[in-house]
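Working notes, beginning with the structure itself.
Positions are given from 1 along the sequence. Atoms within each ligand, like the ligands themselves, are counted from 1 in listed order.
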Amino acid sequence: MTETGAQDVQPQVDVVVVGAGFAGLYLVHRLRGAGFSVRAFEAADDVGGTWYWNRYPGARCDIPTTDYTFGFDPELEQAWTWSEKYATQPEILRYLQFVADRYDLRRDITFGTRVDGAEWDDAAGLWQVRTSGGETVACRYYVMASGCLSVPKEPDIEGAGRFRGEVYSTGRWPHEGVDFTGKRVAVIGTGSSGIQSIPLIAEHAAQVTVFQRTPNFSIPAHNGPLPAERVERLRADREGYREEAKRSSMGVPGEKTDVMGVTAPEDVRRQRLEAAWEAGELREIYGIFADQGVNPASNEIICEFIREKIRSVVSDPATAEALCPKDYYFGTKRPCLDTKYYETFNLPHVRLVDLRSTPITTITETGIETSGESSEFDAIVYATGFDAMTGALVGVDIAGRGGVPLKEKWADGPSTYLGLMTVGFPNFFSITGPGSPSVLSNMAVSIEQHVDWVTDCLVALRAGGWTTIEPTPTAEQGWDRHVADYAAITLHPTANSWYMGANVPGKPRVFYPYIGGVDRYRAACEEVVERGYLGFRRTGPSGEECVDGVVRRLQPDVALVLEAMGELGLPPLHSLPPEQLREFMAMADADRPPGPEVGGVVDGVLPGPAGDLEYRLFRPSSPGPHPVVLYFHGGGWVIGNHASDEPFCRDLCVRSEAVVVSVNYRHGPEAAHPAAVEDAWAALQWTAAHAIELGGIPDDLVVAGWSAGGNLATVVAQRARDEGGPVLRGQLLLTPVTDAEMATGSYRENAEGYVLTSELMRYFWDHYCDPAQRTDPAASPLRGRLGELPPAIVVTAEFDPLRDEGVAYVEALRAAGVPVEHVAARGHTHTSLTMVGVVLSGAPVRAEIAQRLRALFREPASV
Ligand code: FAD
Ligand code: NAP
């Protein structure tokens, strides 16, 4: 950290920008327009960024140019016409040069100059930015527009430095071009760069040998004229079109599908697969099925479809098989768009070397040796990718407050607020940084959104008299968690991709971009501003302001479910009479996924005090006998039955390897309290007495329940203690009702918006239990004697009106000396944990519950 000690050191410019690609150019334009002085530094000799450096044959965009283009100025769009659907690198470079000329941007850019370091001077509130030209520039704000894919990966292959022939890297291609005529060329790498360049290199070279470590999924680009339908839409309503792009998930307008791969009829599947193949667009191929990114079975349909296509094009079956990706899910590595890539392998002078079966042992002075062969080459082309997302950021010596290097702060992976800023580095921004949609989107749209956000932020700082801005640790941790939560429900973390940092040896393995989509991301950024720069601390001569908080706290899929429910425009559930509420719940349950396969399901009845009680038993597939879980369903003592929580019961059965007996009980208002308790008590006695017939281990019995069922479970646990049996191993209470008072903080905080509302809970109590009886421990078990109860697993959900009474029960049990495991489900609602197969983020919580349950079963009985 630089400490001038002087409060009155003045910046030489307001903003230093690093990079002059799409992002740097638009930054210079916008900042200048907003009245800020700017200096940009660019290592290259001219503008263009990606399109300056990546001049390899075949380099093109893979988002159609109707969309991969600046949208901020309608006149610019009038002044430039793209020549094809996917423009070539020279054309995109010409476009960026045209933009630089049109807005006279070069006068603020110093070319051929790297930024090597930047230190935050806390006393002066300035960044000191050092360049390779020996300059140090003091600035108030420092913005890295240094690119997500701008640092080519160093060749990490034994002997790489020894080769005496020509060596090329796709990411640093010579400006004068390369003539491969008559040459023996090796290409290492089959990502997008390799897949684009190999067919063109093969047009001239005498021999092309492709060294493939991992085959890629590629679909034909079907390049040609600009898509007529989109040109027409742009002509008719340019602004509407661009707005739709901003509110889309990828930054390209288009409908989202709700067709699920696993359940769609075969003809619908086929039609969607072929249509995407024909469209030759990432947007289409990413959107074939709504569940392709999260459901392995759905994803596999796409994988196999593409494999079929590969096999139908490539004549040699062994080569075709080697070109078929088989060990990662479609989309978890960036898919490619190609022009005659697979066809190229039918040419007599093109050969594939599969490094999976014969890895490279070394590069020699004259060629490449694998475990299977030794070949000589005139040229080697490295198409081996980039140190993506963070390479350019940590490539500069950036030291924040206290001299802490960014590289050190991010040693275990990047930590950011909105991918824009990071704690400890005031006034430092990154454009399309890690934690933002960036590389998962149309970058032109994402870059504009980031540049606009940063510029507007600086304008707001100036207007408010603030001189520094920095995220709070709470906000940053919250965002990091949200980014990770989103990735965790997708298939992405399973792949060795550059999205996961897996391509660079030693790089932290985390999911770098934000996968929530351009639309949701933009909404979060906008909300932060609307809430007075939520999660930021701003300081200035007249003091400071901090609106601390987390912008996204719900689990992403819980939020999606709530949104979808909101769109249905349902009446408030508490406004429905019980009969209608029951019908509605039954209808909603009819469409849900059934839950996992179990070893067997048996329906039966057991005697209750007022007639038979139905039960449904779920048996594990392993040979028994098993521990037994007697389960009471949720539904506010008013709705539900022995089958209404079936997906959850199946899940519990599989994960905990226990027989789960889900039993019905009488409901209010028809049979008011204590009818349900009496039924639950009868069910417990009967289950304990019939454990062996049920396939259970006697004395290995747990009572369990969700919500009102949790209330019944703990009420009968208290009674079993008082009446000297049955002996229980424990009690599993999932978001239980423990007290009738309804006055806790969570009743207010989570009163509305999370399915179980405070009003609905009131409705349940009113239909279940006379107010005079509610203080009875058989209705409000929190008020009962808790000592000597069996061990408990209590699950609470963050966004549940019942959260605090669950927590109170945990604390009261602990105070009474009862062993308790508390599972606090972050970002979940009262109903989300039981939505098996819908809310995927519930799975790790259920896994934890099951693990704790198994531990209970293993312990010697305590009561
Ligand atoms: P860049 O264009 O990478 O520019 C960053 C600049 O910063 C570079 O010129 C670099 O020299 C400079 N720089 C970095 N560090 C320093 C430093 N310390 N000092 C000085 N200068 C520095 N995205 C899409 O959305 N659609 C596509 O079709 C698409 N095709 C692509 C094709 C290729 C071959 C590649 C590699 C990427 C592609 N991308 C595509 C991603 C592409 O990188 C972005 O679309 C976009 O061009 C990024 O612009 P940028 O200004 O953020 O970064
Ligand atoms: P990439 O996708 O990372 O591909 C690099 C390739 O090199 C992979 O096949 C990789 O194999 C291989 N490789 C890396 N190190 C290797 C080693 N030591 N030995 C053998 N093989 C090795 O990089 P890219 O092709 O440059 O593309 C990067 C990204 O840039 C793309 O995903 C895309 O976002 C963008 N891009 C877009 C276009 C476009 O079509 N518009 C074109 C180029 C790039 P593994 O997979 O086994 O690691």
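The nearest heavy-atom contact from the protein to atom 41 (N) of ligand 2 is Arg60 O, 2.7 Å.
Under a 4.0 Å N-O distance rule, the pair Glu176/Arg55 does not qualify as a salt bridge.
Under the 30°/60° scheme for interplanar angles, the aromatic rings of Tyr142 and Trp127 are found to be tilted.
Taking distance alone, with nitrogen or oxygen atoms compared against 3.5 Å, Val18 stays at or beyond that limit from ligand 1. On a distance-only criterion, Glu42 and ligand 1 share at least one N/O pair closer than 3.5 Å. Between Cys61 and ligand 1, no pair of N/O atoms sits closer than 3.5 Å. For a threshold of 3.5 Å applied to N or O pairs, the pair formed by Asp62 and ligand 1 contains at least one separation below that value. Polar contact check, Trp53 against ligand 1: a nitrogen or oxygen pair lies under 3.5 Å apart. Looking at Tyr68 next to ligand 1, an N or O pair under 3.5 Å apart turns up.
Within the structure, the closest approach of Leu337 to ligand 2 does not fall below 4.0 Å when heavy atoms are considered. Within the structure, ligand 2 lacks Tyr68 among the residues with a heavy atom less than 4.0 angstrom away.
Residue nearest to atom 5 (C) of ligand 2, selected from Ser497, Gly189, Ala383: Ala383 (by heavy-atom distance). Comparing heavy-atom distances from atom 27 (O) of ligand 2 across Ser193, Gly171, Gly194 singles out Ser193 as nearest.
For Phe217 and Tyr328, the distance between ring centers is under 6.0 angstrom.
Heavy-atom contacts of Gly19 reach the following atoms of ligand 1: 6 (C), 7 (O), 12 (C) (cutoff under 4.0 Å).
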